[in-house]
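Contents: one structure, followed by commentary.
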Amino acid sequence: MNDTIRLLQNHRSIRKFLTTPVERDKLDAILQSGQMASTSSNMQAYSIIGIEDAELRKQLASLCGNQIYVEQCPVFLVWCADLHRLSAVAALHGTEAQADTTEYFVIATVDTALAAQNAAIAAESLGLGVVYIGGIRNRISEVADLLQLPERVYPVFGMCLGYPDQAPVLRPRLPLAAVYHQDAYRIDSELPAVAEYDETTREYMTARSQGRTSRSWSEQMAEKMGNPSRLHMQSFLTKKGFLKR
Ligand SMILES: Cc1cc2nc3c(=O)[nH]c(=O)nc-3n(C[C@H](O)[C@H](O)[C@H](O)COP(=O)(O)O)c2cc1C
């Protein structure tokens with residue numbers, strides 16, 4: 001193994017941060033590392049909004065489902081898929097951007113996630129901790145208004161960043177056999193590996209909750225998947241000019 005692999009396999013989300021500020025040069029290096037992620041056709045179809053204003057942070061923490069670390073973390077970034085800049089760039093050359101397609105939506109969303117994850121790894125390599133905040137989509141329309149997001153820009157997730165003030169235990173993942181298929185998708189291999197993982201997650205949950213719960217992963221996922229979740233997304237995205245065809 002090497003240091004990079006050790007770093008990647010040591011990831012855990014951090015939800016409690018020291019008040020120590022993140023140095024500007026470190027933050028710049030983190031963001032520039034994010035920018036160096038692969039990007040579809042070099043489109044770089046994302047924008048990052050750093051939320052420095054305290055009042056704005058408070059409002060966002062509330063819109064994200066009262067996740068207190070959104071307010072308290074030293075750095076909060078909102079990672080947005082962005083086809084607005086590309087539309088403006090196309091217009092420079094008299095071209096009307098065809099930005100309302102499902103394919104461009106996928107490209108912009110993937111670009112955003114790749115850049116964010118590169119930034120997350122850069123941050124962790126500097127001793128910082130991160131947690132993604134999908135809660136930014138709980139009340140996405142209000143978030144978009146608050147951040148003055150133009151047409152064809154949507155917040156994919158937020159990200160808290162800072163020096164960790166906790167050392168959570170590593171959250172185990174599915175056995176590789178559950179997620180890796182050779183040559184073709186094999187439905188038969190799905191559930192045996194999950195049964196093994198359920199045992200692992202029961203132990204993890206028991207330890208993490210000091211015995212209060214021992215729910216298995218499949219039980220947690222059954223509850224999650226039984227909920228359609230954020231049904232406002234489709235109408236929000238089409239209103240913002242995405243996913244029309
Ligand atoms: C897109 C995305 C959105 C997430 N949203 C939240 C969130 O709103 N709040 C939170 O506490 N954790 C959030 N997480 C963190 C996940 O819960 C966490 O990554 C997962 O449980 C695995 O744990 P680990 O990162 O500690 O290994 C999010 C992660 C991702 C990738």
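The first residue of the sequence shown is numbered 1, and numbering continues consecutively from there. In this text, all values refer to a predicted model and were calculated from it rather than measured experimentally. When a ligand or atom number is given, it counts from 1 through the structure's own listing order.
- Close approach of ligand 1 to Gln67 (heavy-atom distance below 4.0 Å) involves ligand atoms 7 (C), 8 (O), 9 (N), 10 (C), 11 (O).
- Against a heavy-atom cut-off of under 4.0 Å, Arg12 is close to the following atoms of ligand 1: 26 (O).
- Under a 4.0 Å N-O distance rule, the pair Asp198/Arg202 does not qualify as a salt bridge.
- When the heavy atoms of Arg15, Arg171, Arg173 are ranked by distance to atom 17 (O) of ligand 1, first place goes to Arg15.
- Each ring-ring contact (aromatic ring centres under 6.0 Å, His included) pair with one or both residues in residues 112-151, not counting sequence neighbours, appears once here: Tyr132-Phe157.
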Where do Arg12 and Asn10 land on the side chain to side chain contact (heavy atoms under 4.5 Å, CB included) test, with the steps shown first? CA-CA 7 Å; Arg12 59 210 74 192; Asn10 200 35; 2.5 Å; yes
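- Separation of the His232 and Phe236 ring centroids does not fall under the 6.0 Å cut-off.
- Close N/O approach between Val131 and ligand 1 is not found [any backbone or side-chain N/O within under 3.5 Å].
- The aromatic rings of Trp79 and Tyr46 sit tilted relative to each other, their planes meeting at an angle between 30° and 60°.
- Inclusion of Phe157 in the set of residues having an N or O under 3.5 Å from an N or O of ligand 1 is not warranted.
- In this structure, the protein non-hydrogen atom closest to atom 14 (N) of ligand 1 is Tyr132 O, 3.3 Å.
- Looking at atom 5 (N) of ligand 1, its nearest protein heavy atom turns out to be Gly134 N, 2.7 Å.
- Annotation for ligand 1: atoms under 4.0 Å from non-hydrogen atoms of Ile133 are 5 (N), 6 (C), 7 (C), 8 (O), 9 (N).
- The protein atom (non-hydrogen) at minimum distance from atom 26 (O) of ligand 1 is Ser13 N, 2.7 Å.
- Within a 6.0 Å radius of CD in Gln148, other residues, nucleotides and ligands contribute 12 heavy atoms or fewer.
- Of the N and O atoms on the side chains of Tyr154 and Thr109, at least one donor lies less than 3.5 Å from an acceptor on the other residue.
- Neither the backbone nor the side chain of Arg137 comes within 4.0 Å of ligand 1, counting heavy atoms alone.
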